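One structure is given here, and the rest of the page talks about it.
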2 protein chains.
Amino acid sequence: MRDFSRSLPMSLLRAREAVMRQFRPSLRQHGLTEQQWRILRALAALEGAEVTELARTAFLLGPSLSRILRDLEARNLIERKTAKADQRRSMVSISKDGVKLMASVAPTSEAIYAEITRRFGARKLAELQQMLGELEHTLAGLGSADDTRAEE
Amino acid sequence: MRDFSRSLPMSLLRAREAVMRQFRPSLRQHGLTEQQWRILRALAALEGAEVTELARTAFLLGPSLSRILRDLEARNLIERKTAKADQRRSMVSISKDGVKLMASVAPTSEAIYAEITRRFGARKLAELQQMLGELEHTLAGLGSADDTRAEE
DNA sequence: CGAAGATGCTTAACATGTTAAGTGAATGCG
DNA sequence: CGCATTCACTTAACATGTTAAGCATCTTCG
């Protein structure tokens with residue numbers, strides 16, 4: 001059998017870990033996990049979204065998102081209000097505290113990303129992301145059907 | 001701020017998920033998680049290894065590995081014995097049941113991998129893995145020091 | 001209208017990720 | 001030798017990943 005340490009899943013896992021290792025300490029200093037940070041960023045970009053939409057954007061499964069939103073709301077970093085038209089849906093938005101927190105994290109985060117880009121090379125990085133996108137697209141629809149998470 | 005859905009971490013996450021989505025159902029049918037499968041494969045390749053070495057190979061953190069080994073041992077898929085020379089170390093090896101289980105999973109797993117390779121293109125896949133390896137190497141040593149997990 | 005089904009979200013249960021602390025065994029060194 | 005340090009691994013505690021159930025609300029259609 002193939003040397004599994006050279007398999008595609010392992011390559012992807014190690015590469016992602018190498019990248020995230022750069023960001024985690026900074027996020028941690030601000031009391032945020034990687035996933036919480038994704039949610040805040042998504043909310044800042046979307047300016048309010050339904051939970052399902054947020055799950056798709058932040059690439060989180062419903063149950064994870066449910067828990068995280070509960071915690072972020074308790075920390076006053078986000079706000080929720082149920083939609084009037086459809087009581088099942090709830091609109092989530094980032095709070096003022098949330099915006100403030102983002103502002104305090106963003107500079108370091110941007111700097112790290114810039115350093116990664118510089119080291120790896122902007123062109124190469126673009127190529128890599130191109131290929132990753134193609135891989136994702138190639139496999140879309142191969143596996144199970146219903147995809148609440150990604151799959152736009 | 002950058003559209004975070006196009007950031008490198010998200011690209012890597014989505015790509016990996018697209019790949020793993022192909023394998024999970026088959027593994028699940030055999031009562032294995034992705035991580036348990038990694039450990040079995042690593043053990044089959046190494047023919048017995050110390051826990052730390054196994055963590056490095058299967059790219060798992062110590063605490064995760066500890067729990068998983070406990071469970072795999074309870075299921076009689078692996079065996080452990082403490083080293084004579086150094087009582088702190090324990091040698092882990094795959095059991096006969098473990099080998100049997102691997103044999104029952106491997107064909108499907110190989111078929112899925114072959115299909116992914118076929119769809120994406122073997123050459124492109126090699127290119128992608130090459131770039132992933134470079135990315136990993138580029139970032140090695142940038143972040144925190146001590147790396148018990150990977151970083152050979 | 002009203003019951004059956006679909007939808008949006010949450011809870012539950014178990015497995016792993018992540019960091020810190022704990023434990024026993026080896027090592028280094030005065 | 002003896003004691004502090006290091007080492008290999010495990011436990012603990014909390015956050016997320018993953019699948020299955022649960023629970024309202026909404027929609028569909030007779």
Side-chain angles (χ1 to χ4, degrees), chain A residues 9 13-14 16-17 20-21 23-29 31-39 49-56 58-75 80-92 143-150, chain B residues 9 13-14 16-17 20-21 23-29 31-39 49-56 58-75 80-92 143-150:
Chain A
L13 181 59
R14 281 198 301 250
R16 183 172 146 82
E17 178 54 27
M20 288 316 301
R21 195 195 328 271
F23 291 98
R24 258 190 286 269
S26 158
L27 291 177
R28 185 171 175 70
Q29 280 194 334
L32 287 175
T33 66
E34 171 196 338
Q35 293 81 357
Q36 292 166 352
W37 177 238
R38 288 218 299 274
I39 291 174
E50 295 175 6
V51 173
T52 301
E53 184 185 3
L54 192 53
R56 184 171 54 74
F59 208 69
L60 292 168
L61 291 174
S64 291
L65 184 53
S66 247
R67 282 178 306 212
I68 300 175
L69 289 181
R70 168 168 51 68
D71 298 348
L72 291 180
E73 189 175 20
R75 288 165 66 183
R80 282 204 266 196
K81 53 181 178 184
T82 55
K84 303 146 199 90
D86 189 337
Q87 304 278 21
R88 292 172 306 183
R89 302 164 192 273
S90 87
M91 292 300 276
V92 186
S144 61
D146 78 304
D147 282 303
T148 311
R149 182 154 65 179
Chain B
L13 180 59
R14 279 198 301 251
R16 183 170 145 84
E17 178 54 28
M20 288 316 302
R21 194 196 330 271
F23 290 99
R24 259 190 286 269
S26 158
L27 291 177
R28 184 170 175 69
Q29 280 192 334
L32 286 176
T33 66
E34 173 197 337
Q35 293 82 355
Q36 291 166 352
W37 177 238
R38 288 219 299 273
I39 292 173
E50 296 175 6
V51 173
T52 300
E53 183 184 4
L54 191 53
R56 188 172 49 77
F59 207 68
L60 291 169
L61 291 175
S64 292
L65 184 55
S66 246
R67 281 178 308 213
I68 300 174
L69 289 180
R70 168 168 51 67
D71 299 347
L72 291 180
E73 189 174 22
R75 288 164 67 183
R80 282 204 266 196
K81 54 180 177 186
T82 54
K84 303 145 200 93
D86 188 339
Q87 303 277 21
R88 293 171 304 181
R89 301 164 192 272
S90 88
M91 291 301 275
V92 186
S144 61
D146 76 307
D147 283 303
T148 312
R149 182 153 67 180

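Since we're looking at a predicted model, the values are computed, not measured.
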Checklist entry - Can a side chain N or O of T33(B) be found less than 4.0 Å away from OP1 or OP2 on dT16(C)? => result yes

Checklist entry - Between D71(B) (CG) and dG17(C) (P), how many Å, whole number? => result 13 Å

Checklist entry - What is the distance, rounded to the nearest whole Å, between atom CG of L54(B) and atom P of dT16(C)? => result 13 Å

Item to check | Considering all heavy atoms, the nearest G31(A)-R75(A) contact | outcome: O-NH2, 2.9 Å

Next on the checklist: Over all strands shown, is R28(B) touching base, sugar-phosphate only, or nothing at heavy-atom distances under 4.0 angstrom?
Outcome noted: sugar-phosphate

Checklist outcome for this item: All heavy atoms of A49(B) vs all of E53(B), minimum pair found to be CB-OE1, 3.5 Å

Next on the checklist: Under 4.0 Å from OP1 or OP2 of dG17(C): is there any side-chain N or O of Q35(B) that close?
Outcome noted: yes

Item to check | Under 3.5 Å donor-acceptor pair, R24(B) side-chain atoms to dG17(D) base atoms | outcome: no

Could you list the protein-to-nucleotides 7-10 of chain D atom pairs, N/O on both sides, closer than 3.5 Å?
residue: dC7(D); atom: O4'; partner: R88(B); partner atom: NH1; Å: 3.3
residue: dC7(D); atom: O2; partner: R88(B); partner atom: NH1; Å: 2.9
residue: dA8(D); atom: OP1; partner: R89(B); partner atom: NH2; Å: 3.0
residue: dC9(D); atom: OP1; partner: V51(B); partner atom: N; Å: 3.3
residue: dC9(D); atom: OP1; partner: S90(B); partner atom: N; Å: 3.3
residue: dC9(D); atom: OP2; partner: T52(B); partner atom: N; Å: 2.9
residue: dC9(D); atom: OP2; partner: T52(B); partner atom: OG1; Å: 2.2
residue: dT10(D); atom: OP1; partner: R80(B); partner atom: NH1; Å: 2.6
residue: dT10(D); atom: OP2; partner: S66(B); partner atom: OG; Å: 2.6
residue: dT10(D); atom: O5'; partner: S66(B); partner atom: OG; Å: 3.1

Checklist entry - When the distance from CD1 of I39(B) to C1' of dG17(C) is rounded to whole Å, what number comes out? => result 13 Å

Checklist outcome for this item: Interatomic distance, CZ@R24(A) vs CG@L32(A), rounded to 0.5 Å, equals 13.5 Å

Next on the checklist: For a quick check of understanding: with a heavy-atom distance under 4.0 Å over all strands, which category does A83(B) fall into, base, sugar-phosphate or nothing?
Outcome noted: nothing

Checklist outcome for this item: For R28(B), the side-chain hydrogen bond (donor to acceptor under 3.5 Å, both in side chains) test, sequence neighbours excluded, returns none

Checklist entry - Does OP1 or OP2 of dT16(C) have a side-chain N or O of Q36(B) closer than 4.0 Å? => result yes

Next on the checklist: Strictly by salt bridge (Lys or Arg N to Asp or Glu O under 4.0 Å), give each pair with a member in residues 82-91 of chain B just once, sequence neighbours left out.
Outcome noted: E50(B)-R89(B), D86(B)-R88(B), D86(B)-R89(B)

Under 3.5 Å between N/O atoms: give me all the protein pairs with nucleotides 2-4 of chain C, atom names plus distance.
none

Checklist entry - Quick one: L72(A) CG to dA15(D) P, roughly how many Å, whole number? => result 11 Å

Checklist entry - Rounded to whole angstroms, how far apart are CD on Q87(A) and P on dT27(D)? => result 11 Å

Checklist entry - Is L13(A) close to R38(B) at the side-chain level, that is, under 4.5 Å between some pair of heavy atoms? => result yes

Checklist entry - Residues in side chain to side chain contact (heavy atoms under 4.5 Å, CB included) with R67(A), at least two apart? => result S64(A), R70(A)

Checklist entry - In whole Å, what is the span from the CZ atom of R38(B) to the C1' atom of dG17(D)? => result 13 Å

Checklist entry - With sequence neighbours left out, what residues match Q29(A) under side chain to side chain contact (heavy atoms under 4.5 Å, CB included)? => result none

Checklist entry - If you check the S64(B) side chain, which of dT18(D), dT18(C), dA15(C) turns out closest? => result dT18(C)

Checklist entry - What's the CD1-C1' distance between I68(A) and dT11(C), to the nearest Å? => result 15 Å

Item to check | From CG (L60(A)) to CD (Q36(A)), nearest 0.5 Å | outcome: 10.5 Å

Checklist entry - Which atom names give the shortest non-hydrogen contact between I39(B) and L69(B), and what distance separates them? => result CG2-CD2, 4.2 Å

Item to check | Distance, rounded to the nearest Å, where R67(A) contributes CZ and dC9(C) contributes C1' | outcome: 14 Å

